[in-house]
Amino acid sequence: MLDWHGLQPGTVINNEVLCEIFECSEQGGMRRSLRKNSLVIVSNHVKSLYDDRWDENILHYTGMGRFGDQSLNFMQNKTLNESITNGVEVHLFEVFKVKEYTYRGQVQLADLPYQEFQPDDDGQTRKVWIFPVALIGDGRGFQPSEDTIRSVQESKERKARKMSLEDLKRRATNARKTSSRRSGLVTTHDRDAYVAEYAKRRANGICQLCEELAPFHNKQGEPYLETHHVEWLARGGEDSIENTVALCPNCHKKMHILDLRTDVEKLKSKALEGVIVEAN
């Protein structure tokens with residue numbers, strides 16, 4: 001019989017092996033094993049509806065329940081919430097490619113769960129529970145490669161481009177305000193692909209700084225603009241539609257080199273103006 005003690009952080013296995021090791025269900029993001037007294041949580045960055053995000057070494061993991069408001073006392077939400085005292089070991093896997101489960105290691109709650117708004121399977125806004133969990137032991141020494149993270153981001157961007165404007169707006173409006181940050185040799189910020197795509201569609205092919213048409217079209221025939229956070233993420237800015245604009249490459253470079261106060265104020269006004277107009 002396989003045992004989880006043989007797993008090393010970074011080991012990639014398939015779902016069948018995962019279930020054999022932990023003797024748990026084949027499906028779901030939270031899988032309880034009574035025989036192994038463990039809980040497997042899966043953060044699927046490829047298919048999951050949920051928006052799990054890293055903040056340095058803390059993963060903000062979305063709880064269980066696909067429709068309506070989530071309950072802290074529902075099934076494995078309760079198990080994870082009480083894991084500090086109930087003796088259940090919690091193990092984290094991340095999915096960066098379809099059918100590949102990367103073992104990250106054992107985790108424990110790093111803070112109290114909290115609530116935020118996310119869409120459910122029907123696209124309706126609801127309250128979910130977020131569990132801040134931290135890796136312990138050897139898991140703290142492994143980080144996925146930059147190529148792996150970039151591949152996941154590109155996959156999300158493709159999904160965002162295919163969404164209707166209504167669905168995209170709902171998803172972008174309910175996005176978390178903070179970008180995902182993974183600590184490694186270099187701290188990387190994973191921008192919300194839905195917020196970025198929504199900012200581009202809202203600009204409608206016109207740079208929001210110089211107010212000129214996009215200089216060219218990409219291979220998909222779309223006006224090429226780049227998204228920019230008015231208040232930079234590195235300075236604590238939000239990854240939100242209220243702080244994200246679409247610029248031509250020249251103006252984007254200008255903002256990162258000069259970041260003139262007059263330009264910043266203009267872009268803040270543009271971003272907020274768009275949100276106010278849509279709300280009305």
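Along the sequence shown, residues carry numbers from 1.
- Within a 6.0 Å radius of CD in Glu16, no more than 12 heavy atoms belonging to other residues, nucleotides or ligands are found.
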Original post:
Are Ile149 and Phe96 close enough, and set up right, to give a side chain to side chain contact (heavy atoms under 4.5 Å, CB included), and what steps lead you there?
Top reply: CA-CA 8 Å; Ile149 302 304; Phe96 303 106; 4.1 Å; yes
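- A donor and an acceptor atom, one from each side chain of Trp54 and Glu94, are located under 3.5 Å apart.
- Going from atom CG of Leu135 over to atom CG of Asn57 covers 7.5 Å, rounded to the nearest 0.5 Å.
- Side-chain contact check for Ile41 versus Val107: some heavy-atom pair is nearer than 4.5 Å.
- The two residues Pro132 and Pro113 make their nearest non-hydrogen contact at CD-CA, 4.1 Å.
- Nearest heavy atoms, Cys19 versus Glu26: SG-CA, 3.5 Å.
- Cluster annotation: Phe142 is not connected to Val12 through the hydrophobic network of ILVMFWY side chains, with a link wherever side-chain heavy atoms come within less than 4.5 Å.
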**OP:** Could you walk me through whether Val40 and Ser25 pass the side chain to side chain contact (heavy atoms under 4.5 Å, CB included) test, one step at a time?
**Re:** CA-CA 10 Å; Val40 170; Ser25 168; over 6 Å; no
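- In this structure, Trp232 and Asp259 have side chains that are in contact, with non-hydrogen atoms separated by less than 4.5 Å.
- Looking at every heavy atom in both residues, Ala172 comes nearest to Ile241 through CB-CG2, 3.8 Å.
- Val98 and Val95 end up in the same hydrophobic cluster when Ile, Leu, Val, Met, Phe, Trp and Tyr side chains are linked at under 4.5 Å.
- Ion pairing of Asp263 with Lys266 is absent here, as no side-chain N (NZ or NE/NH1/NH2) approaches a carboxylate O to less than 4.0 Å.
- Connection of Leu109 to Met75 is established within a shared hydrophobic cluster, with ILVMFWY side chains joined at heavy-atom distances below 4.5 Å, either directly or through further cluster members.
- Side-chain contact between Val264 and Met255 is present, with at least one heavy-atom pair separated by less than 4.5 Å.
- For the atom pair Asn250 CG and Cys207 SG, the distance stands at 8.5 Å (nearest 0.5 Å).
- Under 3.5 Å, the side chains of Gln124 and Asp120 contain no donor-acceptor pair of N or O atoms.
- Between Ala246 and Ala199, the closest heavy-atom pair is CB-O, 3.8 Å.
- The CZ atom of Arg202 sits 12.5 Å away from the CG atom of Leu225 when rounded to the nearest 0.5 Å.
- Side chain of Tyr61 to backbone of Val42: a donor-acceptor contact under 3.5 angstrom is found.
- A distance of 10.5 Å separates CZ of Arg31 from CZ of Phe22, quoted to the nearest 0.5 Å.
- For Phe216 and Tyr224, the distance between ring centers is under 6.0 angstrom.
- Rounding to the nearest 0.5 Å gives a distance of 10.0 Å between CD of Gln70 and CD of Glu116.
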**OP:** Show your working on salt bridge (charged side-chain N to carboxylate O under 4.0 Å, His left out) between Glu197 and Arg201 and close with a plain yes or no.
**Re:** CA-CA 6 Å; Glu197 177 64 20; Arg201 290 202 202 176; 3.1 Å; yes
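- Under the 4.5 Å side-chain criterion, counting only non-hydrogen atoms from C-beta, Asp69 is not in contact with Phe74.
- For the pair His229/Asn243, a side-chain contact is recorded, criterion being any heavy-atom separation below 4.5 Å from C-beta on.
- For the side-chain contact (heavy atoms from CB on, under 4.5 Å) with Arg53, the lone residue among Asp192, Thr62, Ile130, Ile58 that qualifies is Asp192.
- The same ILVMFWY cluster, assembled from side-chain heavy atoms under 4.5 Å apart, contains both Val88 and Leu72.
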Original post:
Run the side chain to side chain contact (heavy atoms under 4.5 Å, CB included) check on Asn77 and Phe131 step by step: do they pass?
Top reply: CA-CA 9 Å; Asn77 290 344; Phe131 297 88; 3.9 Å; yes
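- Inter-residue side-chain proximity for Ile13 and Leu7 is flagged as met; some heavy-atom pair is nearer than 4.5 Å.
- Between Glu238 and Glu231, every side-chain heavy-atom pair lies at or beyond the 4.5 Å cut-off.
- Grouping the Ile, Leu, Val, Met, Phe, Trp and Tyr side chains by contacts below 4.5 angstrom, directly or via other members, places Leu80 apart from Ile136.
- Scanning both residues, Ser33 and Glu23, for their nearest heavy atoms gives OG-O, 3.3 Å.
- Between Lys270 and Glu211 there is a salt bridge, with a side-chain nitrogen of the basic residue lying less than 4.0 Å from a carboxylate oxygen of the acidic one.
- Side-chain atoms of Val133 and Val90, non-hydrogen and from C-beta on, never get closer than 4.5 Å to each other.
- In terms of the side chain to side chain contact (heavy atoms under 4.5 Å, CB included) criterion, residue partners of Gln76 (sequence neighbours excluded) are, by chain and number, Met30, Arg32, Leu39, Met64, Thr79.
- Atom OG of Ser269 is separated from atom CG of Leu267 by 9.0 Å, given to the nearest 0.5 angstrom.
- The list of salt bridge (charged side-chain N to carboxylate O under 4.0 Å, His left out) pairs with a residue in residues 75-84, not counting sequence neighbours, reads Lys78-Glu82.
- In this structure, Ile257 belongs to a hydrophobic cluster whose other members, linked by side-chain heavy atoms under 4.5 Å apart, are Leu258, Leu260.
- Of all the heavy atoms in Arg104 and Pro144, the pair that sits closest is NH1-CD, 4.0 Å.
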**OP:** Begin with the C-alpha distance, continue with both residues' side-chain angles, and end with the deciding distance and a verdict on side chain to side chain contact (heavy atoms under 4.5 Å, CB included) for Val245 and Thr227.
**Re:** CA-CA 6 Å; Val245 292; Thr227 53; over 6 Å; no
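- For the residue pair Ser240 and Glu242, a side-chain donor N or O sits within less than 3.5 Å of a side-chain acceptor on the partner.
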